[in-house]
2 protein chains.
Amino acid sequence: MQSFLSQIESALAKNETIVIGCSCEITYSGRAEAFLQLGDRLIIIKSDKALLVHQPTGNAPINYMKPDSSHSIIQQDSAVWIKSKNLPLKEYLDVCIHAIHFVSSHPLKDGQKLELVGSEKDMSEMIYKNPSLIDPDFKSVSMEEQTKYGFIDVFGTDRNGNIVIVECKRYCADLGAVTQLRRYVERIKEIKNTDKVRGIIAAPKITPNADKMLKDWGFEFRAVSPPKYLERYRKDQKRLDGF
Amino acid sequence: MQSFLSQIESALAKNETIVIGCSCEITYSGRAEAFLQLGDRLIIIKSDKALLVHQPTGNAPINYMKPDSSHSIIQQDSAVWIKSKNLPLKEYLDVCIHAIHFVSSHPLKDGQKLELVGSEKDMSEMIYKNPSLIDPDFKSVSMEEQTKYGFIDVFGTDRNGNIVIVECKRYCADLGAVTQLRRYVERIKEIKNTDKVRGIIAAPKITPNADKMLKDWGFEFRAVSPPKYLERYRKDQKRLDGF
DNA sequence: GGGGAGAGATGCCGC
DNA sequence: GCGGCATTTCTCCCC
């Protein structure tokens, strides 16, 4: 226990990334208040002083502190406490550790950013460059058109002199997507003082209720999926490899 | 390296939670496609077979696989590969490890759930039980009222025979909150065949544009903050302790 | 399992 | 810094 303690203190001082496997209770106070009863967790303190608490299942942390928090470690009777504070955000988190299973620490260095393809932004670009994905007579004019009430993914016209507003969703369009589209259409009608505005949702699919709302307001749906260039590349690779 | 390998293989077989500190490259293919250049990261494999990749900074994982994925570890030349698959979700993630800094593993057990106070739900309940927070003559009728176009946080009436719809936000109400409220108000007007419907946003604050939109549609704003009982308790404690 | 919406959301970009 | 919004969102609840 004592050697774990000094390892953690030393690693904190050296700004290393620290992982602690332990049995603990957790109290949080800040934007909300929370308590987590005794159980086994991973405590991670990163080199930017973010703290994460992960249970042995699930994707998301069960508790956390944002970067630039401060952490102190204290032994009290048979327990070890990690006390974390973020004074600017008025956030506090206390870990009461009953048993430590392991401690690992190392000075990790990483400045890389994720290169990602298939986002909504990529979808907008694809549609902007290939307007026929929306309609044979759709002509794209701009992307990310700014409005007081938000920005429009793809903005264009059709041959009947309508303004066309396209809202992209990378997965399944929902009620929120339709109200978002409606907000833009109404705003553009107001600004341009015209009723000749079409609203289109471009997404792989749409929920039934959202589709009903869409039709009720005279908007349209186009089945479009986000581009995934790397997947295509990978498939080509497989083909070349004889798969 | 070889002892790390066998430790990881053994821990995988025993369903332990594993943490690997390493220098690696990562490729992901699934809902989108991504690549992450060489850098130092934490690889976490949980006992439910979720996999997380964390950089030494930031709150969120940079890459991940959902629970119930399968993971295999392979040595090839001087590199170690972790190959993760989730066939039902058609997701794939490969970690190419150039150097391992440390490996920790342990059979973590935890069935606890977070007890949290201060959510939007708590806010709805507070308003439901203390309707005067909204208006002296507001009477609450129900919570989570179901609508085809979504469910309403707090539903009630006033003394002028209006139906009152309250949408709660625990932080700052935005344009989405207003369009959400509008959707409910319009739906209730339609169902009840009446125009006597008031819409109210209850939140600590509201963005300027959202406030403008709110006023444009004749809705109202009430400054209400979510309850934080534990914080009050803690303050009382401090007072007792002489702080 | 899908729909709907919150989250102590986080993170990104633009003004 | 705030505003607006996507996210490989994740998670929960309810049908």
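Predicted model, so just to flag it, every value in this text is computed and none were measured. All chains are named by letter (A, B, ...) in the order of the sequence lines, taking the proteins before the strands, and each is independently numbered beginning at 1.
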Heavy atoms from other residues, nucleotides or ligands near NZ of K90(B) exceed 12 (cutoff 6.0 Å): no

What pairs meet the salt bridge (charged side-chain N to carboxylate O under 4.0 Å, His left out) rule with one or both residues in residues 40-62 of chain A, with sequence neighbours excluded? R41(A)-D110(B)

Whether Y171(B) contacts dG6(C) is assessed here as follows: a side-chain N or O lying under 4.0 Å from the phosphate OP1 or OP2. Is that the case? no

Would you please confirm or rule out a distance under 4.0 Å between OP1 or OP2 of dA7(C) and any side-chain N or O of R31(A)? no

Compare side-chain N and O positions of Y92(A) against OP1 and OP2 of dG8(C) and report whether any pair is under 4.0 Å apart. no

Distance test, side-chain N/O of T207(B) to OP1/OP2 of dC2(D), below 4.0 Å: no

Only one of I62(B), I26(B), L36(B) passes side chain to side chain contact (heavy atoms under 4.5 Å, CB included) with Q112(A); say which it is. L36(B)

If you measure only the distance, is there a donor-acceptor pair under 3.5 Å linking the side chains of E115(A) and Q37(B)? yes

How far does the C1' atom of dG6(C) sit from the matching atom of dT7(D), given to the nearest Å? 15 Å

With a non-hydrogen cut-off below 4.0 angstrom, is I206(A) in contact with a base, only sugar-phosphate, or nothing? nothing

Any donor-acceptor pair under 3.5 Å joining the side chain of N63(B) to the base of dT8(D)? yes

Contacts to DNA chain D from residues 179-191 of chain B, heavy-atom cutoff under 4.0 Å, which residues? none

Once hydrogens and angles are ignored, does a donor-acceptor distance under 3.5 Å link the base of dG8(C) to the side chain of E33(A)? no

Take a 6.0 Å sphere around NZ of K121(B) and say whether it holds more than 12 heavy atoms from other residues, nucleotides or ligands. no

So, is K169(A) near the phosphate of dA6(D), with a side-chain N or O under 4.0 Å from OP1 or OP2? yes

Which pairs would a plain distance check flag for residues 16-25 of chain B, meaning a side-chain donor or acceptor within less than 3.5 Å of a matching protein atom at least two apart in sequence or in another chain?
| unit_1 | atom_1 | unit_2 | atom_2 | d |
| --- | --- | --- | --- | --- |
| E16(B) | OE1 | S105(B) | OG | 3.2 |
| E25(B) | OE1 | H98(B) | NE2 | 2.9 |

Please work out the stems of DNA chain C from pairs that are Watson-Crick or G-U wobble with both distances under 3.5 Å, keeping only runs of three or more consecutive pairs. C:1-7 with D:9-15, C:9-15 with D:1-7

Could you list the donor-acceptor pairs under 3.5 angstrom formed between side-chain atoms of residues 177-184 of chain B and any protein atom two or more places apart in sequence or on another chain?
| unit_1 | atom_1 | unit_2 | atom_2 | d |
| --- | --- | --- | --- | --- |
| T179(B) | OG1 | L175(B) | O | 3.3 |
| T179(B) | OG1 | G176(B) | O | 2.9 |
| Q180(B) | OE1 | K169(B) | NZ | 3.2 |
| Q180(B) | NE2 | Y184(B) | OH | 3.0 |
| R182(B) | NE | E186(B) | OE2 | 3.2 |
| R182(B) | NH1 | E186(A) | OE1 | 2.8 |
| R182(B) | NH2 | E186(A) | OE2 | 3.2 |
| R183(B) | NH1 | Y149(B) | O | 3.0 |
| Y184(B) | OH | F151(B) | O | 3.3 |

Provide a list of protein-nucleic acid N or O atom pairs under 3.5 angstrom, restricted to nucleotides 12-15 of chain C.
none

Do other residues, nucleotides or ligands put more than 12 heavy atoms under 6.0 Å from the NZ atom of K85(B)? no

Under 4.0 Å from OP1 or OP2 of dG8(C): is there any side-chain N or O of K66(A) that close? no

Is any side-chain N or O of N209(B) closer than 4.0 Å to OP1 or OP2 of dG4(D)? yes

E91(B)/R31(B) salt bridge by N-O under 4.0 Å criterion: yes

